Amino acid sequence: MVILGTIIVSALVIMTAIAPWIAPHDPAKTRVGPIREPPSPQFPMGTTHLGQDMLSRILYGGSIMLQVSALSVLVCFLIGVPLGLFSSYVGGVFDRACSLVIDAVYAFPGLVIAIAISAMLGRGVVNMALSIAVVYIPSYFRVVRSQVLSIKELTYVEAARGIGAKWYTILFRYVFPNVIPSIVVVTTINFADAVLTAAGLTFIGLGVEIHIPDWGRDLTSGWAYLSSGAWWIITFPGVMIILLALGFTLIGEGLSELLNPKLQR
Amino acid sequence: MPLLEIGSLTVDYPTSRGTIRAVEDVSFSLKKGETLGLAGESGSGKSTLGLSIIRLVPYPGVIVKGHIRIDETDIVKLREHEMRSIRGRKAAYIFQDPMTSLNPVKRIGAHFIELIRTHEPNTGKEEAFERTKTVVENLGILSERINDYPHQFSGGMRQRIMIGLAIALNPDLVIADEPTTALDVIVQAKILDLLESLRKVYGMALILISHDLSIILERCDKIIIMYAGHMLEYVTSIEMHRNPKHPYTQGLLQSIPNIELSDQKLVAIPGSPPDMLNPPKGCRFWPRCSYAKKICRVKEPPLIKVGRNHFVRCFLYGKKGVHVERNRKS
Amino acid sequence: MGLRSYIITRILLTIPTLLLLLSMVFLIMRVLPGDPVALHFEKKATPEQMESMRRALGLDTPLWTQYIEYLGGLVDIGYILEHGYPNLGKSMQTFEEVGGQIFSAFPATLELAFYSMIIASVIGILLGVISSKSYNSILDHLIRGVGTVTYAVPIFFLGIVFQLIFGVYLRWLPTGLRINPAVDPPATITGLYTIDSLLQGNLFKFFESLKALLLPSLTLGIILSGIFIRMTRTNMLETLRLDFVTAAKARGLKESTVTYGYALRNAFLPILTMMGLQFAILLGGAILTETTFSWPGLGRYIVDRINFRDYTAIQGAVVVFGLFVTLVSLVVDILYAYLDPRIRL
Amino acid sequence: MLSEIVKVEHLKKYFPVQKSFLEQLFTRELSYVKAVDDVAFSIRSGEIFTLAGESGCGKTTAGRVVVRLLEPTSGKIYFNGEDITKLRGEKLRLLRRKMQMIFQDPYASLNPRMKVVDAVGHPLEIHELVKGGEKKKMVLEVLEKVGLTPPEQFVNLYPHQLSGGQRQRVALARSIILKPEFMVADEPVSMIDVSLRSTIIDLMLSFRKELGLTYLFITHDLAVAKYISDKIAIMYLGKIVEMGHKEPLFRNPMHPYTQALLSAIPVPNPERERKRIELAGEVPSAIDIPTGCRFHPRCAYRTDKCSKEEPQLIEVGKGHFVACHLIK
Amino acid sequence: MMEKIELSIVVLVLIGIIVSSGTMYYMTTVVDNLSTLTDDVSTLTESVTNLTSTISDLALIMSEGFQEYAEAIAALTARLAAIEAGLATKETLIVGTTDSVEKTLDPAQAYDYFGWCILQQIGGTLVSVEPGSPKGSDFIPDLAVNWSSNDDLDIWDFNLREGVTFSDGTEFNATHVKYSFDRAIALIPSIPEGAPAGLGYDAIIDRTEVLDTYKVRFHLKMSFSPFLGILASRSSTIVNPQYAPIAQINHTTADPRASTPVAFAGPYVLSKWNRVAGRDVEIKLDANPNYWDLASGYPRMAHVIFRFYSDAATLRLAIEAGDIDMAYRHTSPTDVLDLEDNPNVKVWWGTGAAIQYFCFQTKRAPFNDTRVRVAVTAALNRTAVCDTVFLGLSDPLYSIIPPGMLGHTEAFQKLGDANYTLTTSLLAAAGYDATNKLVFDLWYESSGHYPMSAEQALMYKEALEGSGVITVTLKSADWAGYKQNRDSEIMDAYIYGWYPDYVDPDNYAFLYWAKWIHTNYYNETINGLPNPSYPAYLQQVALYDEARATTNITLREELYAQIDEIAVEQCSVVPLWVGSGWAVTTPPIYGVFLDITQDMRYWLIYK
């Protein structure tokens, strides 16, 4: 599963990266062909309601999704992981306070916060990423925290104390390396969630500006033309988003299966 | 007529990295009222062997060869629903960890009533309840506790309940798989005593599986020594104590401390148990065997009869073999 | 500690969480740039008019006073008794009571969430059990595949496809709204159309509202079922490997008894907890579903109000969402304690 | 010369029972798990002293308190005559060089993400005892010592690539690399295959000779205890009920509990008929310890005194102590 | 094992792609062949309905155990079914819309399209525009039977219709007219965002005088020719004083429905108005039994029910599915063009009056330079937008006054569309060329307040950048943020729109200096600096004042043309396009008038 997921994701990343060289048209340029032209040899994926070339848009359009998800995952990671590590390792009042705040955020429906924050911050990749990040920081925190709490009780950590290791040595050489697998799983799942949340935000109308090709936006704007039979405007970006999210999900699920000792028969 | 007859039983675990032959070519038989000990280190296949008798080899294990006859019926060929009437009724199984072997969300009594009514559908609820009470009292548990949940019992108590569940339908055969490993010595002795007394009362045959040779030697009539899926020695306990044949058995006996001896010298068997994915060719024990000869590395030794009720799988014996002196002191 | 004191403890423990939740929402909303009053009048009003508006909206006092008042409004029992909803302030756009607006929209979301949860649980648990029972078979892989793929489908995409197939092409089911436009909605008792119509004995309206509910709740339910399948499967696999399941099999119990009475009953406890946690995701998905299906619920309300920067309304809705999730997790925890004899100390 | 390397006086370790929020509100008094309840013993240099007893008797806790992995609730611990009960920070770290511990579970006591060389060499780094390539050299040396030969084959392996016996050897190597004087061994062989147990035991015995190590050995297996130790203390519910040199203790157990315990141990001899001493009931909870002699509810010889007065350890022979009212 | 799951996922995805593209592709053909398919579909629907009724029968049978309850249910169901059956007959018109009343239906407060629309159905004004009027200035009597004004156009007399009653039975007379206007003016300070404030009632009307029971006189503060237009607007709806207080009204409290007067004198009465979460979910209009024009057969439908959809796509699906009789505001251009090919529905076309225009931030560089503004204007491509974005349903607009109205010109034609030669030369003069491009932000509204804003902006960007000397950065904000940005004057250039309050050039021409819409524009006081465009501004104001004070059509036309001329020179506000109107109905629906007023008169519609 991990392999299939990696293939999908890397294929999409490569596709987006080399889009400037392989795309037949400028993805934002309107009226490169007739309006809402079904897939034809000239326009293999048809054209949009503004006569843009769908294929070029598909090739380019992943970059927003990838940027948003990568950025939000990065932010989540940078905030959630250290916070979880320290909070759980230090313990005490600090840990309780952190957990309470994080749990309160976690209790929120994620998309609601994302929408609220995104609406306040306005459009743009960074703003989208930030609002998504806020939603997923708690999952990192919680996973890291619970992992650290259980690892902290393990004998090898006790053994490390027994040989006189300092607390930070224990944290970084004994505890943290063993949390990494779970973080990796959370990260990949987070990628998939971020992609879907970004698509959701775009659907609500909080995406990026129109001149930037984006699957989420095409999918959303294509909705209006679906009843007119323009299935290609919605199908291709939809499938791409599904593929991207699926790729990440597969990696995450595969990894968690590989790393879950309970399921190893 | 033996109660249980196993012939050239072979069990495989196909995994993604290769097939593990957990039990290979094991044959023995057991009569009513007999006690058989299955001894071996972890990974020797003793549990797999035990579970295959009730055909519950865990996934992905499969019985690939051989027969298991209980009362003349080859259970390997039975259908699943036919098998269900064997389990619990003819052959019962007691698991290692009493803490996890009971359904945590079911009351103790419900376990019994369910068992009785599954196998004897005509039993009324009242009757089943009364029978439960009797069984539970026989186990030394107050009958008012049958409405408690498993978590309200201590480990020893739970193992009593497990034993009770095993004998509730008066089966011919009870297989106890490391029934006391998770328990303290005093409780262990009690449980084993209880098992023994119940066995005597009901006249069941018992297969006791354990890694602890002391228990096996103390409690069993016959003993099978398992190593890496092979049955290395099959012998009565007294004979084993007096005259162990297989180098592995000899080694094992020398490596366990005996509380009754002073100035004992323990001798370990060199090396470690083989990787089951990649077992050594020939005799599986040869890499650790100080008597290993050339032939041991190439050919699997056959099971040879070396005495009355004494079989051993080793080239040191038989017509080709040379008799080895007992080198066990004490 | 008995079940009752457990429940009391659990309820008491939600209070700090709720307080924190309220404070965070309040702070985020108030720290935002933009003067809602100036925004509203578009510079057409005189400073005096704006000032009086600020007074009317309670924006003229210091932040902490506003905060205390906001909290006070929430727990003002007299107000709740009078209006039937807590005081969440006034909408900055329409000056309606936000509480009233939200609680008029809430039943729609509740109904959607309820039916989606049922669909997700039924599909998820059923397929999860089947999948775990036929471990590593083609069926297992297929079900897992379905679970994985549904997880990756944007919820509105599925909704749109459903609309197209069942609404436009087959014309079996309505593509939006809570009840067929030609039918008067049932009189409000609970606000849940299906329940109201049943209470009033009107089966026609019941089926009409059920028809309207089907596509949205199916969309949401199917998306969510992916997670449920995975959860159920994992938990079932773990449970099926436990000793007591093997022990039950070894006692010759029936397959169904072992699967449901032993494995599922025990696997269900962690599933239940997860279900509680998924509820937050479900409500998030409800926003998109509501938008897709013109479903006049709380999710659409938020989306609507965002365009007007109606802070009090957004704040109120987020708070209600949070309250709802907290309440659900409370119920789930209590249920857990009730179902698990080990907690009944 | 045999001097007292470790001395423990009135050692107590209570763990507070986790209470719910509500209970904390309504009750002031805390209840405790009295894991170790007033224990005293001393270990002489070069000796192997065993704490034995059933699970939950407090032997492991006692061991951990002695090496300061757990903070004692009260009591004093002396190491080489120095009171180490309250040591903190750098001093405690320096102490760790002299006191080591090895654990029961070889699968859990090694960091799965650390290669053998790092795991074994880490104590050296922590205490800044090596420079550059010295570490590997020393690791190789010590691996050789614990019988992982050739050591080059092992240094770059991860724990999961080793068998249980090999891991325990690595753990052993890690704890002796600092050349400690005293080691607590918490059931070091109970999770190792029977056929390999004696190798680990023999290794430990050889270190005693070679490095002059003193051991506090913790086990539930009296047969192993008898095999390895010089002195044995039997614990029951957080207290030592009998303590003495192994020969007199095994030959003539005085405490009813010790007697029952010994009679329950299986003997690998089918031809020997043994008389078992039956004990009523089970070990009570360490939260709610019986009054007086904590063993009295299960004791066949109990008198009224037993339920009221707690017996003290009385010396009945040379170095043989028993805590029982029967013994006068 | 891994391979199997991967294989199954791949297969599933493939099947998914094939099935979904397949179905969607099939949809396209279905749209074409819908007529042939309808029969099948309807039989299917029928069988489903049968099934549903069978199920309900079954459920009834099942509940027979509870005999009494079942009987009660049966009775209730039968009764309700009868009511519903009644609803579904020809007496009811079901209208689908994406609109919602913004706040209230009080004429003194409502200032949104849909609020006004409902008000028009339930309220009466003194005069109204004749349905189908091409210019929007053919006034017909409503609550007034005839009227006159003096030559200075500052005194207007109206003879009122006798025998008119409000829906509650109150008899209508001149005091009600006076009350209504006095109230509207009195409420202006407390409701500065209401329509009377926006239209400047207080600036126009001096006082209202009751001359007789059925005669009323307006004294205006100035000569004002489009006064009838104002009187026909919904903010001039005559209210029943009993339900429309002046003093107690506090529009910032309570439910806005409470501040909506209930008894008007229109063809319909508002019988149901449910709002959920600040949006309409149910509006039902019933024929007003007291309507004065009942004799002529109006209103034609006994009930009008509004159904509220969240977006155009769903609305289209609903009209196609036959869920609603009529879809009005908004179906998208694409949808309506599609629907025109659908034999099951009818599309009604009408004149548009909604316009959009381009605004520049004239207070700052670069757009404080007139040359730059003109250059950018010349580079715009209106045709491309109208053809591509609006599929020809909007027309390029070269004057701020839409076609069909007095004073409409083609003034901006002079600068042309995508006239890059002019652009390049002007920008060169201002110091911009291909290496030093003119760079600015173009803002658009993103929350759907205007149709297809994003797409338009994209096309403008493309057109402007086509000149090779301009670089445009697109930015957007939701409606609230957009207004805020406008007020804080941070947008270099932005797109705005206008929808008429009353159909008169007067209502458009003022946009050039409507300070409350464009604070950035022609504000002489800012920073104390004299604005170079100030003289032109004063000139336009003078022309505007002159135009509104005369009834001389030729003169007005000329004056408006002059304003346009100056507008072209200044290019501060640049007209872009004018939309057209459309409504979709299922046959047989008749009586739809879509004229330049943009009003939908539901009382004229019949089946």
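Labels below follow one simple rule: chain letters A, B, ... track the order of the sequence lines, proteins then strands, and each chain is numbered from 1. The shown structure was predicted, so the numbers you read here are calculated from the model rather than taken from an experiment.
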* CD1 of D:I201 to OG of B:S255: how many Å apart, nearest 0.5 Å? -> 9.5 Å

* To do: Kindly indicate, with the supporting measurements, whether the criterion side chain to side chain contact (heavy atoms under 4.5 Å, CB included) is fulfilled by B:Q254 and D:S198.
  => CA-CA 9 Å; B:Q254 280 174 32; D:S198 53; over 6 Å; no

* **chain B contacts, top residue of D:S195, D:G56, D:S263, D:A260 (heavy-atom pairs, under 4.5 Å)** => D:S195

* To do: Identify which of B:D275, B:D193, B:T236, B:V267 forms the greatest number of heavy-atom pairs closer than 4.5 Å to chain D.
  => B:D193

* So which of D:A225, D:S163, D:P270, D:A264 has the biggest tally of heavy-atom pairs under 4.5 Å with chain B? -> D:P270

* Asked: Counting distance only, does the side-chain N/O of B:K190 pair as donor-acceptor with the main-chain N or O of D:L279 below 3.5 Å?
  -> yes

* Asked: So how far is it from B:N258 CG to D:Y227 OH, rounded to the nearest 0.5 Å?
  -> 12.5 Å

* Could you walk me through whether B:I186 and D:R298 pass side chain to side chain contact (heavy atoms under 4.5 Å, CB included), step by step? => CA-CA 12 Å; B:I186 293 178; D:R298 304 176 69 192; 4.2 Å; yes

* **Which atoms of D:I200 approach chain B - backbone, side chain, both or neither, heavy atom under 4.5 Å** => neither

* Heavy-atom distance under 4.5 Å between the side chains of D:V194 and B:I256, does that happen here? -> yes

* Quick one: closest heavy-atom pair of B:A189 and D:R276, and the distance? => CB-CD, 3.6 Å

* Could you look at D:D202 and say if it's the side chain, the backbone, both or neither that has a heavy atom under 4.5 Å from chain B? => side chain

* Asked: Would a distance-only check, ignoring hydrogens and angles, find a side-chain to backbone donor-acceptor pair under 3.5 Å from D:D193 to B:E41?
  -> no

* Asked: So what's closer than 4.5 Å to chain B heavy atoms on D:R272: side chain, backbone, both or neither?
  -> side chain

* Which pair of non-hydrogen atoms, one from D:L196 and one from B:I269, has the smallest distance, and what is that distance? -> CD2-O, 3.7 Å

* **Charged N-O contact under 4.0 Å between D:E271 and B:R242** => yes

* Asked: Side chain, backbone, both or neither: which part of B:L252 has a non-hydrogen atom closer than 4.5 Å to chain D?
  -> side chain

* Main-chain N/O of D:P268 paired with B:H241 side-chain donor or acceptor, under 3.5 Å -> yes

* Taking C-beta and beyond as the side chain, do B:M157 and D:E282 meet within less than 4.5 Å on heavy atoms? -> yes

* To do: Answer whether the closest heavy-atom distance between the side chains of B:L183 and D:E54 falls below 4.5 Å.
  => no

* Side chain proximity check, D:L261 to B:V185, heavy atoms < 4.5 angstrom -> yes

* To do: Against chain D, label B:K265 side chain, backbone, both or neither, depending on which of its atoms sit under 4.5 Å from a heavy atom there.
  => both

* Asked: Do the side chains of D:N269 and B:E218 get nearer than 4.5 Å, heavy atoms only?
  -> no

* At what distance, to the nearest 0.5 angstrom, does CZ of D:R197 lie from CG of B:L266? -> 10.5 Å

